[in-house]
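Here is the structure we will look at.
What you see below is based on every heavy atom in this structure, not just the backbone, and it leaves out hydrogens, waters and symmetry mates. Indexing begins at 1, ligand by ligand and atom by atom, following the structure's order.
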Amino acid sequence: MALIVQKFGGSSVADAASIERVAKRIVQTKRKGNDVAVVVSAMGDTTDDLIDQAYSIDSNPPAREMDMLMTAGERISMSLLAMAIHAAGEHAHSFTGSQAGFMTDARFGAAHIKSVKPRRVRKVLDEGCIAIVAGFQGVNADGDYTTLGRGGSDTSAVALAVALGADVCEIYTDVDGIFTADPRIVPTARRIPVIPYEAILEMASCGSKVLALRCVEYAQRFNMPLHVRSSFSSRMGTLVLPEGVAPGSLPNL
Ligand code: ASP
Ligand code: MG
């Protein structure tokens with residue numbers, strides 16, 4: 001049985017219908033016999049909207065309160081997604097970053113992960129449940145909530161995958177993987193089937209639009225295979241692999 005971490009970004013969970021669609025996909029992966037832990041971002045433009053609201057009230061909002069506010073976005077999507085999975089007939093349990101054991105330093109708005117101890121996540125997985133974890137957030141040594149910087153859920157997903165010893169970290173987005181150029185702008189852009197970490201880190205122009213660079217660095221450091229794919233199709237996307245790992249050895253292709 002494989003352990004798969006799936007990360008869904010804001011565009012994949014933008015409204016109730018999308019959340020139901022994503023839930024079905026997660027349930028499918030579970031019913032194929034895998035353990036599934038999910039990391040989710042805030043719905044659609046929620047994070048931007050929260051920032052706008054903050055600045056409409058205070059032009060210089062305290063960093064601690066900003067992070068308290070921003071972590072709310074992922075709490076909405078994680079609990080709704082757990083409900084949608086429940087409605088689709090499987091057990092799911094959602095966790096904030098803090099509940100999932102994401103300890104960070106104290107840099108509000110740009111915190112770094114210091115350790116991940118996903119004891120409670122592991123427990124519900126062992127009980128046959130799907131775990132849903134709020135991306136982009138953790139807790140510092142004072143017990144205050146922190147965020148990892150914009151786009152930080154990718155890094156949360158890789159960090160969770162590493163801490164759980166997952167077989168693959170699947171990053172779901174709205175395109176079929178990483179392309180030689182942005183396929184929405186350049187029609188002749190080609191999907192890259194397999195790519196090493198180093199090459200993505202060098203591809204500042206297209207690779208980094210799809211994946212946060214910190215997430216790739218984290219994956220490279222711990223040799224965690226990534227599969228960047230579309231939440232709208234079941235096609236294979238782009239595999240980002242450590243040297244020597246055969247693409248066919250990954251689960252859920
Ligand atoms: N919701 C956060 C953001 O919009 C984190 C993420 O999407 O990865 O930056
Ligand atoms: Mg977002």
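Using a 4.0 Å cut-off between a side-chain N of Lys or Arg and a carboxylate O of Asp or Glu, Asp144 and Arg64 qualify as a salt bridge.
Inclusion of Gly149 in the set of residues having an N or O under 3.5 Å from an N or O of ligand 1 is not warranted. Among the atoms of Ser153, some N or O lies under 3.5 angstrom from an N or O of ligand 1.
Classified by interplanar angle (parallel below 30°, tilted 30° to 60°, perpendicular above 60°), the ring pair Phe222/Tyr218 is tilted.
Of all the heavy atoms of Ser41, the ones lying under 4.0 Å from any atom of ligand 1 belong exclusively to the side chain.
Partner of Asn252 under the side chain to side chain donor-acceptor pair (under 3.5 Å) criterion, out of His227, Gln28, Lys32: Lys32 alone.
Arg119 is linked by a salt bridge (Lys or Arg N to Asp or Glu O under 4.0 Å) to nothing, counting only residues two or more places apart in sequence or in another chain.
Heavy atoms of other residues, nucleotides or ligands lying less than 6.0 angstrom from CZ of Arg75 number 12 at most. For His112, the NE2 atom counts as densely surrounded, since its 6.0 Å shell holds more than 12 non-hydrogen atoms of other residues, nucleotides or ligands.
Not close to ligand 1: Gly9, with no non-hydrogen atom less than 4.0 angstrom away. Using a non-hydrogen distance threshold of 4.0 Å, Gly73 does not register as a contact of ligand 1.
The closest non-hydrogen atom to atom 3 (C) of ligand 1, taken over Arg150, Met70, Gln137, Lys7, comes from Arg150.
Every atom of ligand 1 is numbered from 1 in the order shown, and the set under 4.0 Å from a heavy atom of Glu74 is 1 (N), 2 (C), 5 (C).
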